[in-house]
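Encoded as structure tokens, the structure appears first; notes follow it.
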Amino acid sequence: MDNVMHIAGDLAVIAHTWGLTSRPKALCGVRITGAPENAPLCQTCRKRAGWTHDKRH
């Protein structure tokens with residue numbers, strides 16, 4: 001488990017949904033392994049996604 005929440009790109013989500021990968025790649029380049037529900041966002045993923053704030057809340 002990771003200590004930050006990562007954001008997956010659209011293609012990574014599709015590949016995971018279709019069963020092509022069990023661990024999608026995050027926008028920052030790491031493989032997503034899961035994170036606690038209230039974990040902070042990865043700042044690299046947030047910037048690459050173009051988010052100005054945490055959209056989970």
Side-chain angles (χ1 to χ4, degrees):
M1 232 196 234
D2 208 347
N3 58 351
V4 295
M5 183 79 61
H6 293 281
I7 302 170
D10 292 337
L11 291 177
V13 172
I14 291 170
H16 180 67
T17 302
W18 288 352
L20 301 175
T21 182
S22 60
R23 292 178 44 209
K25 196 177 244 187
L27 294 176
C28 67
V30 301
R31 293 284 176 184
I32 297 173
T33 58
E37 186 175 330
N38 295 327
L41 278 177
C42 169
Q43 293 304 304
T44 304
C45 285
R46 184 188 61 78
K47 288 176 186 173
R48 289 184 180 172
W51 291 12
T52 57
H53 64 283
D54 190 344
K55 294 182 178 186
R56 297 177 297 165
H57 305 287

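We count residues from 1, following the sequence as given. As the structure is a prediction and not an experimental result, all values here were calculated from the model.
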Minimum-distance pair of heavy atoms, taken over all atoms of Leu41 and Ile7
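Minimum heavy-atom contact is CD2-CG1, 4.3 Å.
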Linking I/L/V/M/F/W/Y whenever any side-chain heavy atoms sit under 4.5 Å apart, do Val13 and Leu27 land together?
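Shared cluster, no.
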Kindly work out whether a path of hydrophobic side-chain contacts (I/L/V/M/F/W/Y, heavy atoms less than 4.5 Å apart) joins Val30 to Val4.
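Val30 does not cluster with Val4.
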Going from SG on Cys28 to CZ on Arg46, what distance comes out if it is rounded to the nearest 0.5 angstrom?
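Here the interatomic distance stands at 13.0 Å.
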How would you list all residue pairs meeting side chain to side chain donor-acceptor pair (under 3.5 Å) that involve residues 5-29, not counting sequence neighbours?
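For residues 5-29, and leaving out neighbouring residues, the side chain to side chain donor-acceptor pair (under 3.5 Å) pairs sorted by first residue read Asp2-His6.
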Do other residues, nucleotides or ligands put more than 12 heavy atoms under 6.0 Å from the CG atom of Leu11?
no
